[in-house]
Number of protein chains: 2
Amino acid sequence: MAERPDGAPVEVGVGFELPVLLFGGFRSIIGALHDELAEHGHPDMSPAYGYALQAVGRGGSTASEIGRRLGVSKQAAGKTVEKLEGLGYVERVDDPQDGRRKLVRLSPRGLDMLVRSAEGFDRLRAEWMRVLGAERVRAMEADLRTMAAADAFRLDMAAWFNG
Amino acid sequence: MAERPDGAPVEVGVGFELPVLLFGGFRSIIGALHDELAEHGHPDMSPAYGYALQAVGRGGSTASEIGRRLGVSKQAAGKTVEKLEGLGYVERVDDPQDGRRKLVRLSPRGLDMLVRSAEGFDRLRAEWMRVLGAERVRAMEADLRTMAAADAFRLDMAAWFNG
DNA sequence: ACCTTTTCGTCAATCACGTTGTCGAGTTTA
DNA sequence: TAAACTCGACAACGTGATTGACGAAAAGGT
């Protein structure tokens with residue numbers, strides 16, 4: 001096998017598999033979660049809407065702030081909030097502290113979605129630990145924390161992908 | 001810590017980090033690759049176009065086939081091919097064997113992009129191995145191969161995300 | 001050989017979702 | 001108090017997807 005000056009092995013032609021596997025793992029988890037959500041009262045939830053609801057957060061937020069988190073304009077965020085409101089996941093109320101703002105809050109349905117998601121993620125991680133062993137999963141998480149750039153954890157996935 | 005009947009540990013409330021980390025790793029690699037590509041003659045390449053070019057493949061393809069691989073309609077694939085043609089990454093020729101088809105082939109520029117991508121992925125994986133150790137990277141890949149559903153490796157990322 | 005079905009690529013209308021620019025209302029700051 | 005900023009809305013527009021329809025070419029069945 002080829003080697004770099006520092007002795008690290010360089011396997012040629014297989015590097016493309018790593019990102020494919022990382023995204024495959026991500027997609028499997030998100031896909032399984034959404035299958036589960038669809039079976040429990042949330043059939044119209046997509047990964048894109050899931051990200052948006054995460055951007056709203058349990059404490060609520062405003063359209064402008066959601067736009068910043070999602071990497072889109074406040075106008076686009078406002079339209080997304082309208083959709084989520086139409087689907088019953090959020091509700092908007094006037095901010096008594098600030099006459100300009102309208103607070104976007106999770107509705108009971110939206111909160112149910114977030115709670116079910118958290119439970120589902122825990123369940124899926126436990127399943128990975130059952131199959132691979134707890135240490136292997138923790139090692140994977142630790143290694144990814146080491147290698148992933150800090151700015152890779154933003155919620156602006158759709159905006160990022162299309163460049 | 002909580003336990004499942006089979007003794008596997010269940011850590012509550014941290015499961016959401018696993019998909020975030022997986023996508024973060026993916027995004028870091030793809031981001032670094034595109035930074036590199038931008039510095040070497042491919043500034044207009046986005047992850048979305050990269051996927052499309054991967055769908056074309058070294059052997060060439062047709063618009064309909066590309067559409068199937070990307071999970072979009074043949075009309076949408078045709079427009080994407082037009083864009084890639086305008087950017088100089090592919091060229092279209094009539095199929096002498098089949099009067100209906102127009103073959104989409106990589107141009108020299110497109111091939112250069114694919115070759116640089118493969119080299120870049122190898123380099124990035126070698127960097128991960130230098131930092132984490134070769135065995136840890138191989139373990140991560142093996143574990144992801146075990147857990148990721150076979151149908152998670154499709155190229156229809158954008159279509160999948162928006163549900 | 002012939003007719004039917006399928007496939008390929010394109011045209012047109014439409015939709016989903018983002019953008020920029022503008023604006024009035026409300027808040028903050030100099 | 002006046003100026004500057006922020007919030008959310010409206011309008012116009014661009015991009016990239018959709019469905020539906022079409023002619024041309026290939027493939028299959030009788």
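Below, read A as the first sequence line, B as the second, and so on, with proteins coming before strands; counting in each chain starts at 1. Everything numeric here is computed off the predicted structure, so don't read it as measured data.
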Visitor: Can you give the first and last nucleotides of DNA chain D, 5' to 3', that have an atom under 4.0 Å from a heavy atom of chain A?
Guide: dT6(D) to dC10(D)

Visitor: Using atom OH of Y49(A) as one end and atom C1' of dA16(C) as the other, report the distance to the nearest whole Å.
Guide: 9 Å

Visitor: Tell me the interatomic distance from F161(A), atom CZ, to dC17(C), atom P, rounded to whole angstroms.
Guide: 17 Å

Visitor: Given side chains that start at C-beta, do those of S117(A) and F16(B) come closer than 4.5 Å, heavy atoms only?
Guide: no

Visitor: Within the structure shown, what part of the strands sits under 4.0 Å from A76(B) by heavy-atom distance: base, sugar-phosphate, or nothing?
Guide: base

Visitor: Holding to side chain to side chain donor-acceptor pair (under 3.5 Å), I want the full list of residues that pass it with E82(B), two or more places apart in sequence or in another chain.
Guide: none

Visitor: In whole angstrom, give the distance that lies between atom CG of N162(A) and atom P of dC17(C).
Guide: 13 Å

Visitor: Can you see if the side chain of R100(A) gets near the phosphate of dC23(C) - specifically, an N or O under 4.0 Å from OP1 or OP2?
Guide: no

Visitor: Check whether any side-chain heavy atom of M140(A) lies under 4.5 Å from a side-chain heavy atom of L144(B), and answer yes or no.
Guide: yes

Visitor: When you compare the side chains of Y89(B) and D112(B), does any donor N or O come within less than 3.5 Å of an acceptor on the partner?
Guide: no

Visitor: Determine, for D94(B) against R100(B), whether the closest basic-nitrogen to carboxylate-oxygen distance falls under 4.0 angstrom.
Guide: no

Visitor: Mind grabbing the angle between the end helix axes of the helix from dA1(C)-dT30(D) to dA30(C)-dT1(D)? Five pairs an end, 10° rounding.
Guide: 30°

Visitor: Just to be sure I understand the rule, does K79(A) reach a base, reach only the sugar-phosphate, or reach nothing, if contact means heavy atoms closer than 4.0 Å?
Guide: base

Visitor: When the nearest nucleotide of DNA chain C is assigned to P96(A) and to K83(A) on a heavy-atom basis, which residue is associated with the more 5' position?
Guide: K83(A)

Visitor: What contact category does G78(A) fall into here, base, sugar-phosphate, or nothing, at under 4.0 angstrom with non-hydrogen atoms?
Guide: nothing

Visitor: Using atom CD of Q97(A) as one end and atom P of dG26(C) as the other, report the distance to the nearest whole Å.
Guide: 16 Å

Visitor: Tell me which of A63(A) and G99(B) sits closer to the 5' end of DNA chain D, going by the nucleotide each one is nearest to.
Guide: A63(A)

Visitor: Is R109(B) salt-bridged to D44(B), going by a charged N under 4.0 Å from an acidic O?
Guide: yes

Visitor: Can you tell me how far C1' of dG18(C) sits from CE of M157(A), to the nearest Å?
Guide: 16 Å

Visitor: Quick one: do E36(B) and R116(B) make a salt bridge, cutoff under 4.0 Å?
Guide: no

Visitor: May I ask you to say what S64(B) touches in the nucleic acid, namely base, sugar-phosphate or nothing, with a heavy-atom cut-off under 4.0 Å?
Guide: sugar-phosphate

Visitor: For the residue pair F23(B) and F153(A), is the inter-centroid distance of their aromatic rings smaller than 6.0 Å?
Guide: no

Visitor: Just the rounded figure in Å: distance from C1' of dG24(C) to CD of Q75(A).
Guide: 15 Å

Visitor: Which nucleotide wins on minimum distance to the side chain of R101(B), given the candidates dC11(C), dC8(C), dC17(C)?
Guide: dC8(C)

Visitor: If I take atom CG in residue L70(A) and atom C1' in nucleotide dC17(C), what distance separates them, rounded to the nearest angstrom?
Guide: 12 Å

Visitor: Return no unless some side-chain N or O of T80(A) is found under 4.0 Å from OP1 or OP2 of dG18(C).
Guide: yes

Visitor: Look at R105(B) together with E85(B) and state whether they make a salt bridge at an N to O cut-off of under 4.0 Å.
Guide: no

Visitor: To the nearest Å, how far apart are Y51(A) OH and dC17(C) P?
Guide: 17 Å

Visitor: Do V56(A) and L106(A) come within less than 4.5 Å of each other through their side chains, counting heavy atoms only?
Guide: yes

